[in-house]
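Letters A, B, ... mirror the listed sequences (proteins, then strands); counts begin at 1.
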Amino acid sequence: MNPAQDTGRQETAAPAIELRGISKAFGSVQANKDISIRVMPGTIHGIIGENGAGKSTLMSILYGFYKADAGEIIIHGRPTQIPDSQAAIRAGIGMVFQHFKLVQNFTVLENIILGVEEGALLRPSLSKARETLKHLAEEYELDVDPDARIEELSVGHQQRVEILKALYRQADILILDEPTGVLTPAEADHLFRILDNLRAQGKTIILITHKLREIMEITDTVSVMRRGEMTATVKTAETSPEQLAELMVGRKVLLHVPKGPANPGATVLEVENLRVVDADKVERIKGIGLTIRAGEILGIAGVSGNGQSELLQVLGGYCRATGSVKINGQEIDLTGKHSDGQSRRARGIAHVPEDRHHHGLVLDFAAWENMIFGYHNAPEYQKNALIMDNAGIVEKTEGAMEHFDVRPPIPSLPAKSFSGGNQQKIVLAREIERNPDLLLVGQPTRGVDIGAIEFIHKRIVELRDAGKAVLLVSVELDEIMSLSDRIAVMFDGRIMGERLPAETNERELGLMMAGVTGSGEAA
Amino acid sequence: MDKLPRWADVVLVPLISLLMAAAISALVILAIGGDPVEAVKVMVTGALGSAYGWGYTLYYATSFIFTGLAVSVAYHAGQFNIGGEGQAQIGGLGVALVCLALPWPHWTIALPAAMIGAGLFGAAWAAIPAYLAAKRGSHIVITTIMFNYIAAALIVYLLVEVLRPAGQMDPATARFPAGAKLPTFGEIPGLSLFFSKNVPANVTFFVALAACWGVWLLLWRTRLGYQIRAYGKSEPAALYAGISPTRMIVVSMLISGGLAGMMAINNVMGEAERLLQNSAEGAGFIGIAVALMGRNHPIGVFLAALLFGFLYQGGAEMGLWTTIPIELRLLLQGLVILFTGALDNMVRMMLGVFFRAKAKEAA
């Protein structure tokens, strides 16, 4: 905050955004510590860091949600105060949030003018917006039907509306917070084309993400954040994913867990003609079949919502289905009395669910209570017929927490107080320590830090090497490609085909995920 | 929002809520021309100033412990059992049937039998709403409220048409046999040194204490309690773990209804010694406030029940000895419920601001 330091500026053009010495603390937690960045106009600047590194706080300060404790914001060479989001918009900053802020039952046009209506009548602003929208659509490949209701649009299109909203407010600096988290690979590609066009037209873009691939693909410069500090700012062309990962975590990280060839044994899981019809009578799984043998990982790739969740839930015992599922050659009950989580566990199926917050954990329960969740009836957790052996469970939890590197290793802490990665480790520890025949794993690294991803992947491969069958469902193609021994692609409740990871590539899988079977257009 | 320190959450929040309720009550008393200082004096001496006063305060508290525990157990399974009132009345029916069935030789035999009767009848009354909620998805709040009215009507019918002894004028059962009479505090060796013979507090108080311990044991030490709490916190997680929602709803409501029913030991068997109309006298509803204020923990429920026992007895004394009408007791209870239950978050937020400011100063 010393104006005397201001004199030595050398660049010819002023940066579009410059932050100097931004600090922000919440109570005793220093969310941002002396952060300085400069982003030149017409560039894409990536900000990468693990969950809780302070990325979102920094952007919230820039958009006027929080007030920085110290530091200054300089926009196009002018020191600017941003006390609220209105001021941010006036300064030409537009924000596209991870969770869209759109009115679901308004049309695209209505959403665009919301908050910037001119005059008491809507019609003039609507027609003005329609004109502007047309130009923007042509200029940036941002085509959306202006009269469609938001609820009718796909997630990718909704995101475009958010971008249009910002552009309509004459933003020339766009901040995107984890924009690809909800997109299909094709939608993400399209988004990157839009960003490319915006950059070409001189807009400045800040892209917040935890995905190294996106940083490498689209940004010009990248800043790495770790524990509230900016650890490095580098030109993207001069860095590598490995280096960025190391900067993020603070130690060397294996982006791809080394694994030897699979050594498949007897068939563990055999699924035939499986069908699931949901409560709205929509057929979610349309007659699929698959097998997994001991000692192999079958990866299911697919955009979320194409039946993978239902598949996991059927096998996990909390979704009704028809067809046939055999474990170690024995049929399991899909609809009757023995179609629940307890019976499945008794048959040697362990399940790391896709949604650990809603299914895998009781967030208000302590870590030790979660460590037996689903196995609470096991005799080793009981003191006698009536009373549970709480002390013994706490002790076992301590061991498991150490074994799985859960931090902090405090069994009495409620599950909600752990970070995403550590929550996942608790679930994983619980399921793997039971030594199952078949492990179901859904989105094992969603919302999980890079450092923990490496650990979790290692554990899954270890389990395979111990001769167990693993069914892996993930929307992250990278993860599917690096862990699976075989890959099946699901689309619209069907399996589009199986591939060996060595004999396929992201492009082919991406097409299959979009429902394209041979070489042709999307179905 | 920042979390409050635990001591503030457990002690400070209820305390401030209470003070605010008291302050507003004082204003109301002033407005109707009474003297709040006088009122407090009368309440405290009347409820806590003598062994006689304690004898009533503890008697009321005993009932509130049972109904408070009933609400708490259901709450831990995510069920809001508002039917304590009806379950307690039907529990009273169970007590009456047991007590009148045999010429009981001694209360030590009659008490366990009456407990079973009360528990079973209370549980049975909760079973229907529980089944409807678990299998038909009907809302437990609505059904349990409706069952309060059905219980009241059923009891009146039974008292008038079936259970009333021939020739008796008022709708009530016959007096229970002498062998079913529970000793009051005035008749228990040791305690009789302090309490006079005619206080209503009786051995049921100790049953209530045991029930507190039992509920704690159930919820935090048994597998069933673990499953009840897991289901109450997260239904999707319970499904994942293979915990049956139907079973959890029904079992927790049966226990809840049983506890509410057991209250009848205190008032029907211990005090009235026959079953009267409206025997629960609103204790079922006060149980909701007691559970709210006690944070659904047996220790909290015990303390809150004592407080409400005090309000009940003190309020009666206030109506008796001052010009302030006894109805003000209702206002007082209403305000306590409003502040400790509904406006709990308001106090919490104010304290949150205070603690944040303090944390900043310290930093």
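- Closest non-hydrogen pair, F373(A) versus A230(B), comes out as CE1-CB, 3.7 Å.
- By the neighbour-count criterion of 12 heavy atoms within 6.0 Å, atom CZ of F354(B) is sparsely surrounded, having that number or fewer from other residues, nucleotides or ligands.
- For E235(B), no part sits under 4.5 Å from any heavy atom of chain A, backbone or side chain.
- Counting non-hydrogen atoms of neighbouring residues, nucleotides and ligands closer than 6.0 angstrom, the CD1 atom of I299(B) reaches no more than 12 such neighbours.
- Contact of N377(A) with chain B is made through backbone and side chain together, with heavy-atom distances under 4.5 Å.
- For the atom pair CG (D340(A)) and OG (S244(B)), the distance works out to 8.0 Å, reported to the nearest 0.5 Å.
- Listed here is the closest heavy atom pair of P236(B) and H359(A): O-CD2, 3.3 Å.
- Ranked by heavy-atom pairs shorter than 4.5 Å toward chain B, the options H376(A), H357(A), Q342(A) are led by H376(A).
- Counting non-hydrogen atoms of neighbouring residues, nucleotides and ligands closer than 6.0 angstrom, the OH atom of Y318(A) exceeds 12 such neighbours.
- Among the candidates L386(A), D389(A), L361(A), the residue making the largest number of heavy-atom pairs closer than 4.5 Å to chain B is L386(A).
- Between Y226(B) and F365(A), the ring planes are tilted. Angles from 30° to 60° get that label.
- Few gaps surround CZ on R347(A); more than 12 heavy atoms of other groups in view lie less than 6.0 Å from it.
- R356(A) does not touch chain B: none of its heavy atoms, backbone or side chain, sits under 4.5 Å away.
- Judged by a 6.0 Å distance limit and a 45° cone about the ring axis, R344(A) is not positioned over the six-membered ring of Y240(B).
- Annotation: Y381(A), atom OH; neighbour count of heavy atoms from other residues, nucleotides and ligands within 6.0 Å is above 12.
- Proximity of N390(A) to R221(B): side-chain heavy atoms (C-beta onward) are separated by under 4.5 Å at one or more points.
- Proximity to chain B involves both the backbone and the side chain of E369(A), based on heavy atoms less than 4.5 angstrom apart.
- Only the side chain of L217(B) comes within contact range of chain A, judged by heavy atoms closer than 4.5 Å.
- Interface remark: I372(A) contributes backbone and side-chain atoms alike to the contact with chain B (heavy atom separation under 4.5 Å).
- Residue contact with chain B, scored on non-hydrogen atoms closer than 4.5 Å, is absent for A391(A).
- For the set N370(A), I387(A), V362(A), the count of heavy-atom pairs under 4.5 angstrom toward chain B peaks at I387(A).
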